[in-house]
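Heads up: the structure comes next, in structure tokens.
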Amino acid sequence: MPLFALMDCNNFYASCERLFRPELKAKPVVVLSNNDGCVIARSGEAKALGIPMCAPAYQWEHAFRQHGVAVFSSNYALYGDLSNRVMSVLEDLAPCVEAYSIDEAFLDLSGVAEPLALCRTIRERVGRHTGIPVSIGLARTKTLAKLAARRAKKDPALEGVFDLSACPDPDAVLRETEAGDVWGIGLRSAKRLLARGVRTALDFSRLPADWVRKELTVVGLQIQLELKGVSCLSVASAPAARRSVLCSRSFGQLVEDKEHLREAVCAFAARATEKLRAEGLEARALQVFTLTPRHREALPQHQGQATVTLPGPTNFTPDIVAAALRGLDLAFRPGFAYQKAGVVLLGLAAASGRQHSLLDLPPEERRRQRALMHVLDSVNHRHGRGTLRLAISSAPDRPWHMRQHRRSPRYTTNWDELPRIGAGRNSAALACGQRARHLLDE
DNA sequence: TCTGGGGTCCTAGGACCC
DNA sequence: TCTGGGGTCCTAGGACCC
């Protein structure tokens, strides 16, 4: 019989921020999205204050002050690094691990002798090695394991681990889960289900399959089977080949000036191309898009989008930037105040295995391009992102740059931002230092 | 003043082929 | 009156995830 576990870090970003600030242990903590726009993570105490997920930060400033909420800009360098540490603990203990997201992993525990005991060990060791609290759900399918993990998180009596496969009354768990909370059922599907009188995961699992197929496509059908205990999804221990690379940002202020938009698109294209090279990939096409602010209906709205085919697969920044600027010419309409733009690289393939073409650049020229990009990446890796860049992407204080006023230090990934044990700091600071040294020793 | 960023998958429809 | 059938590939748009 197949058996899956889902490990989910509790309030992951908020837990990361607390790690080096032990004085925040029982305090409400929230983490904001890029641009300090809205709430994307909350500690348990913040949830208890009624601060909803995705709450616009400016509407809650008063409540933050009133209740002494610790507010952080998002710090992805920190979260990414801690995520890697959590995943490596899992790799040490479990036979087959799929890092599903920054804070979740699926484990295939089919054939493991004592799966529940293993899950308890995992939870204890992740906590001891990283300081991140996690919940783990066990079940016969991935979709059910997600449900089990939700329950493990919610019910303190379970101490963070719940085995749905050994539950005497699994239907009760499905009955207590709203259909919209099932993995893969979003807002639209939940509305359709509700219109048919389906409220709970149990109701959904009992719908006629042909209705589900027709209304929710094969995706819905698969979810239904998984809820009934028929495993359709396996654990992918090797990550699938990437299909696209995206870089987009909301601007710190609305942007009308095309010149500023060109700078932004240039910077996004350059950043996306860096990611491409870091993974040894090349792109054959790209898309540029521009957006006016959705939430301000009084302003004239425009969504621009343009696709540009590159002459051949490439990861050479100047060529991709030039193509992106041609795309912007098509996606830009004057007279609008833009809030966001982005660049998507498409048609990805490994740079090493590429098909040669009659239209390719001469090998000497390709070598020259590769060498130039190698220097660019090395300098930026050593001295910080953006140290070496195309002249058009301009200085680091432009109106379109995002706001990020409350970012915590990159404690674990930047030598200049390590926590310090020093004069005038209290014992909490000492604890920080010990934690840091422990992490560095690892 | 002020509402994120980065992905994947499915479907329908059109272009094109023999 | 009356103009096939079967297939692939690409793209745009929608839905969903964290």
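Per chain, numbering begins at 1; letters A, B, ... match sequence-line order. Given the structure is predicted, the values throughout are model-derived calculations rather than measurements.
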- Message: Going by ring pair (Phe, Tyr, Trp, His ring centres under 6.0 Å), name the residues that satisfy it together with A:F162, two or more places apart in sequence or in a different chain.
- Response: none
- Message: I want to check something: taking the side chain as every heavy atom from C-beta on, are A:L32 and A:W60 in contact at a cut-off of under 4.5 Å?
- Response: no
- Going 5' to 3' along nucleotides 2-9 of chain B, which nucleotides have protein heavy atoms under 4.0 Å from the base (write B), which only from the sugar-phosphate (write S), and which from neither (write -)? BBSSSSSS
- Report the distance from atom CG of A:N414 to atom CG of A:L78, rounding to the nearest 0.5 Å. 11.5 Å
- Could you tell me whether A:E98 and A:K142 make a salt bridge, using a distance below 4.0 angstrom between a side-chain N and a carboxylate O? yes
- CG-NZ distance between A:D8 and A:K153, expressed to the nearest 0.5 angstrom: 3.5 Å
- Task: Report which part of the nucleic acid A:V343 touches: base, sugar-phosphate, or nothing (heavy-atom distance under 4.0 Å, all strands).
- Result: nothing
- Item | Qualifying residues under salt bridge (Lys or Arg N to Asp or Glu O under 4.0 Å), relative to A:E91, sequence neighbours excluded | none
- Message: Does A:T307 reach a base, just sugar-phosphate, or nothing at all? Heavy atoms under 4.0 Å.
- Response: sugar-phosphate
- Query: Hey, does A:E104 reach any base, or is it just sugar-phosphate, or nothing, if we go heavy atoms under 4.0 Å?
  - Reply: sugar-phosphate
- Kindly indicate, with the supporting measurements, whether the criterion side chain to side chain donor-acceptor pair (under 3.5 Å) is fulfilled by A:S73 and A:D36. CA-CA 6 Å; A:S73 302; A:D36 293 345; 2.6 Å; yes
- Query: Which dot-bracket notation, 5' to 3', represents the base pairing of DNA chain C when pairs are defined as Watson-Crick or G-U with both distances under 3.5 Å, crossing pairs as [ ], and inter-strand pairs as |?
  - Reply: ....||||||||||||||
- Query: Does the pair A:R85/A:D81 count as a salt bridge with the N-to-O cut at 4.0 Å?
  - Reply: yes
Give every pair of a protein N or O atom and an N or O atom of nucleotides 12-17 of chain B that lie under 3.5 Å apart, one pair per line with the distance.
none

- At under 4.0 Å between heavy atoms, what does A:I102 touch on the DNA or RNA strands: base, sugar-phosphate, or nothing? nothing
- ring pair (Phe, Tyr, Trp, His ring centres under 6.0 Å) test vs A:Y338 passes for just one of A:F289, A:F251, A:F332, namely A:F332
- Task: Write down the atom of A:I320, the atom of A:L345, and the distance for their closest heavy-atom approach.
- Result: CG2-CD2, 4.0 Å
- Message: Does A:R151 form a side chain to side chain donor-acceptor pair (under 3.5 Å) with A:T177? I'd like the steps, not just the answer.
- Response: CA-CA 9 Å; A:R151 166 159 276 227; A:T177 306; over 6 Å; no
- Note on the structure: Numerically ordered, the residues 186-217 of chain A set in heavy-atom contact under 4.0 Å with DNA chain C is A:G186, A:L187, A:R188, A:S189
- Using 4.0 Å as the upper bound for N to carboxylate O, is an ion pair formed by A:E259 and A:R262? yes
- Value in whole Å for how far the P atom of B:dT11 lies from CG of A:L221: 11 Å
- Item | Side-chain touch A:V288/A:F268, heavy atoms, less than 4.5 angstrom | no
